[in-house]
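See structure below.
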Amino acid sequence: MSWFSLLLIFLVFAGLAVVGLWGYRTYVTGETGFNLGAWFGPRAEPRLGISEQAAVDNRRRLVLVRRDDVEHLIMTGGPVDVVIETNIAAPRRPAAEAARGAMDHAPTEPAAPVFSRTPRSFGQAVNE
């Protein structure tokens with residue numbers, strides 16, 4: 001017998017063993033899927049991410065970077081990248097609200113504007 005035929009026999013028996021174990025697991029638990037996540041566990045939530053970004057002009061962008069529970073506002077793309085604001089508290093949704101989703105809530109009234117002015121009619125000057 002050559003080494004090639006021994007390797008082929010070994011692969012056939014290994015394949016039969018895998019199929020047999022999968023069939024046994026299907027018979028015992030009723031699960032037919034092949035889930036590697038059960039072996040390696042769930043992925044950890046990423047600590048670093050980009051929450052939002054907006055274009056200022058063709059070159060510069062405002063980027064809101066989140067690390068753990070803190071956000072930082074950074075302007076990139078100019079001659080120098082600038083940190084505009086640090087230690088912004090990241091918004092958190094309660095677990096029950098996150099489970100239900102935002103669509104189940106009744107619409108809330110918007111907050112009153114900070115600076116208010118009297119409305120002008122069309123064509124009215126600023127200081128009239």
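Here the structure is a predicted model, which means the values were calculated and not measured.
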Got a second to check how far Leu73's CG is from Gln53's CD, nearest 0.5 Å?
12.0 Å

Closest non-hydrogen contact found for Gly78 with Arg60 is N-CG, 3.8 Å

Taken in chain and number order and not counting sequence neighbours, the residues that satisfy side chain to side chain donor-acceptor pair (under 3.5 Å) with Asn58 are none

CZ of Arg67 to CG of Leu48: how many Å apart, nearest 0.5 Å?
8.5 Å

Look at the side-chain heavy atoms of Ile, Leu, Val, Met, Phe, Trp and Tyr, link any pair under 4.5 Å apart, and say whether Ile88 and Val63 land in one connected group.
no

Would a distance-only check, ignoring hydrogens and angles, find a side-chain to backbone donor-acceptor pair under 3.5 Å from Asp68 to Val70?
no

Cluster question for you: counting only ILVMFWY and a side-chain heavy-atom cut-off of under 4.5 Å, with indirect links fine, are Leu64 and Val56 together?
yes

Rounded distance (nearest 0.5 Å) linking atom NE2 of His72 with atom CD of Glu85:
10.5 Å

May I have the step-by-step check of side chain to side chain contact (heavy atoms under 4.5 Å, CB included) for Glu52 and Leu62, ending in yes or no?
CA-CA 8 Å; Glu52 293 182 40; Leu62 282 173; over 6 Å; no

Using side-chain heavy atoms (C-beta onward) and a distance below 4.5 Å, is Arg59 in contact with Pro79?
yes

Hydrophobic cluster identity match, Leu7 and Phe13, side-chain contacts under 4.5 Å
no

Which distance, rounded to the nearest 0.5 Å, do you find between the CD1 of Ile74 and the CD1 of Ile84?
9.0 Å

Could you tell me the separation between the OG atom of Ser51 and the CZ atom of Arg66, rounded to the nearest 0.5 Å?
5.5 Å

